[in-house]
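Computed from a predicted structure; not experimentally measured. In what follows, every chain begins at residue 1, and chains take the letters A, B, ... in the order their sequences are listed. These values consider heavy atoms only, across backbone and side chains, with no hydrogens, waters or symmetry-generated copies.
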2 protein chains.
Amino acid sequence: MAAASIRDVAQHAGVSVGTVSNVLNRPGEVSAESISRVHRAIEELGYIRNDAARKLRAGVSTTVGFVVLDGQNPFFGDVVRGAEDEASRHGIAVLYGNTDEDLGRQRMYLDLFEEQQVRGVLISPYGDINPRLERLRSRGIAAVLVDRFSGDGRFSSVSVDSVVGGRMAVEHLIETGRRRIAFVGGPFDVRQVTDRLAGARVAVENSTESVEIEVIVTGALTVAEGAAAAARILDRPRRDWPDALFAANDLLALGLLQGLIVAGRMLVPDEIAIIGFDDIAFAAAAAVPLSSMRQPSGVIGRTALRILLEETADPELIPRQTVFQPELVVRASTAPRR
Amino acid sequence: MAAASIRDVAQHAGVSVGTVSNVLNRPGEVSAESISRVHRAIEELGYIRNDAARKLRAGVSTTVGFVVLDGQNPFFGDVVRGAEDEASRHGIAVLYGNTDEDLGRQRMYLDLFEEQQVRGVLISPYGDINPRLERLRSRGIAAVLVDRFSGDGRFSSVSVDSVVGGRMAVEHLIETGRRRIAFVGGPFDVRQVTDRLAGARVAVENSTESVEIEVIVTGALTVAEGAAAAARILDRPRRDWPDALFAANDLLALGLLQGLIVAGRMLVPDEIAIIGFDDIAFAAAAAVPLSSMRQPSGVIGRTALRILLEETADPELIPRQTVFQPELVVRASTAPRR
DNA sequence: AATCGTACCTGAATCGATTCAGTTCCCGTC
DNA sequence: GACGGGAACTGAATCGATTCAGGTACGATT
């Protein structure tokens, strides 16, 4: 049984194909009689519109692409869910692509999405992506940057102020009595990492206390790298330990936490405080509930998708930068020393 | 600048459109000369194939849909990543849809995917989905069930043996000296929940010890529901507490763990042991590292996608059921009482 | 009664890649 | 040199939904 086409529906309903199309796309211009006949025919034949033909002729698309930096990270999972949730409201599907910070994969997905003529692209970018996005734009495909501020304002973006977040995190550590702070994060070509570090430095410089800050570099923002970094810290003579760690994200922070259980003894928070970034769902359920900088992940996804749809509706819109403020969530991992 | 079409490429390269198409799709039938001319033209014009036209005429699609039961759960995140990873190898994109155990959304996504004429559908189904999948099949869209055994063998499936997993989990609890076991899970229209409970019961019945098992029902498989269930347990008089909990998944288990910290005192594992299911990445990093039944999540996704592609290549293939065995991962949360 | 306007409908042209029947050209064979 | 066969190429027909110029019917207006 071949799938029913619009011609079959027209015949079945006793109208022309043009009328069927009008029922589907501008019901205002069709008589009530025709509408109901067509709907009945659609029902009876189990007709489903062929999106390829529709896209080909009308150029409209019911798909948006989302290129994600790190699918392993629940933070991005939450962002995707937010976007997908909003998309489903508009009958739009989300094409999902994970780059794992790999330029080749990023390029591949953008090609794929261009081939698909998606309505638009959400992207948490890696490296310099502007030329590629400009090209997409010249083909009528809008793009919104997610979790990354668009420095030159050429594209809309939805992000969280990582510099402020970094500052707030370290201010909190200082307020709770910490003086030897280590920032744990890397690689430094991820913008969020450098921003959070910059914020941390601001907090240290602004402080009236005498506070030291060092940087412990990791190869990735993962639990495993966090645990490895913890091992490196414990290798030092005790007097060289920092008394607080600010991790560039919660995955690192959880890894650090895991690594700071020494011979059954939990060093957190009495010896060493830890604060993470993102406030993923598992931060609260950690060995020692983890203080973190909360990002409104679902809202970020929804907002990005909404802006994308607005821009595709009106390509003349001026790009706008939406910046959310992170929120400090204090839990046990940064309790003051007893 | 309108996007270049195959006609522009043909003109630019001085060949016919048919030849360009052949270069792209069956380069074996074209002379080396033509191939290089066409490739140069493609390069110079920045030509990208119009997938809509391609799909319309040839019926081939470079997209598969993945309908996920619970996007919040990192387990599914890992499965999606596995599938996406395999898909990217074949130049295929994954359309992602989250149902949150909602029949309406499930239907919406299947409609959307049918409209898109995806190459095939991966689905972790909710409720009775067979009729809908049969219809997709009659339209040439294959489907593979993920994380759910296809009882009647009408579709291929990739799953983990939840009954065996449930049995192994509870056998482990019994072996480590537990006798009053509670299964925590729900709702019961999720197949995995009933299977895991069934396995648990088998373990109890087979045991030579005198073991009791009770069922604590939750409304969802989430951290919050786990914490709530823990609160209900602690409300009972102490002598009525179970001495071990088998949670239907790790999210519940993490919630239970969180809830079983009473006035700073950790009841796990000395008073109450906990074992979860899925072995998500955060199980190991929990307050008390969580024992769990590991599912090979990435492999499940990859395998499902590979089977889907094989089936779309040869629709006559007989559906096959791939069942992985879960693996017991013992951590601190089920250590024997001291 | 003629004219106009409005509401509704029709059906052919169109989008761009693929496909396939048909053409051209060249080489080998008898 | 006539013929067959294969390699390479051409270009029109095709997929199905949308669009739009044109057509019909009917009531209102003069």
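- Among the protein residues, A:T19 comes within range of the nucleic acid bases, having at least one heavy atom under 4.0 Å from a base atom.
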| query | Would A:F113 and A:L95 count as a side chain to side chain contact (heavy atoms under 4.5 Å, CB included) if you check the C-alpha gap in whole Å, the side-chain angles of each, and the deciding distance to 0.1 Å? | reply | CA-CA 8 Å; A:F113 292 167; A:L95 269 172; 3.6 Å; yes
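- B:R191 CZ: 12 or fewer foreign heavy atoms inside a 6.0 Å radius.
- What separates CD of B:E29 from P of C:dC20 is a distance of 11 Å, to the nearest Å.
- Other residues, nucleotides and ligands contribute at most 12 non-hydrogen atoms within 6.0 Å of the CD atom of B:Q11.
- Taking 4.0 Å as the cut-off between side-chain N and carboxylate O, A:R306 and A:E310 do not count as a salt-bridged pair.
- For the OP1/OP2 pair of D:dC9 and a distance below 4.0 Å, the side-chain nitrogens and oxygens of B:S34 include at least one atom meeting the criterion.
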| said: For a quick check, with a 4.0 angstrom heavy-atom cut-off, what is the B/S/- contact string for nucleotides 13-18 of chain D, read 5' to 3'? | reply: BBBBBB
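- With rounding to whole Å, A:E33 atom CD is found 17 Å from D:dA25 atom P.
- For the residue pair B:Q321/B:S157, the side-chain donor-acceptor check at 3.5 Å is satisfied.
- With respect to A:D102 and A:R107, no salt bridge is recorded, no charged nitrogen being found less than 4.0 Å from a carboxylate O.
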